[in-house]
Amino acid sequence: MTNAEVGLFIRLLCLQAEHGSVPDDVDRICRVYGEEVRGLWPVVRSKFNHGSTGSTMVNERMVKVLAARDAFRERQVAAGKASAQKRSLQV
């Protein structure tokens with residue numbers, strides 16, 4: 001991918017991380033990121049699959065990364081609560 005394609009790809013990954021999916025609408029993406037996106041779209045679009053609705057798309061690797069992050073966060077919360085409980089019993 002070119003630097004411009006990588007830049008758009010990263011922006012869309014960030015959008016997916018924030019909202020769960022990305023609109024599968026090149027016109028909408030162009031309004032946000034500029035008309036030059038239209039030329040980059042075929043390469044960048046190929047990195048995404050259709051989302052849960054026909055109008056969205058997701059990057060499957062990002063889905064896995066976000067799921068792993070959420071699982072890690074849950075484990076950390078549980079460990080923190082267990083540690084706090086243990087300390088409260090020692091006092």
Side chain proximity check, I29 to P23, heavy atoms < 4.5 angstrom: yes
Over 12 foreign heavy atoms within 6.0 Å of CG, D70: yes
hydrophobic_cluster_shared for V43 and V37, side chain cutoff 4.5 Å: yes
CZ on R61 to CG on N49, rounded to 0.5 Å: 14.0 Å
Side chain to side chain contact (heavy atoms under 4.5 Å, CB included), paired with S83, selected from Q85, K81, R87: R87
In residues 6-21, what donor-acceptor pairs under 3.5 Å come from side-chain atoms, sequence neighbours left out?
{"from": "Q16", "atom 1": "OE1", "to": "N59", "atom 2": "N", "distance (Å)": "2.8"}
{"from": "Q16", "atom 1": "NE2", "to": "N59", "atom 2": "O", "distance (Å)": "3.3"}

hydrophobic_cluster_shared for F48 and L40, side chain cutoff 4.5 Å: yes
Interatomic spacing from CG in D24 to NE2 in H50 - rounded to 0.5 Å: 6.0 Å
Pairs involving residues 27-43, ordered by first then second residue, that meet side-chain hydrogen bond (donor to acceptor under 3.5 Å, both in side chains) (sequence neighbours left out): D27-R38, E35-R38
Single-linkage hydrophobic cluster V26~V32, side-chain heavy atoms < 4.5 angstrom: yes
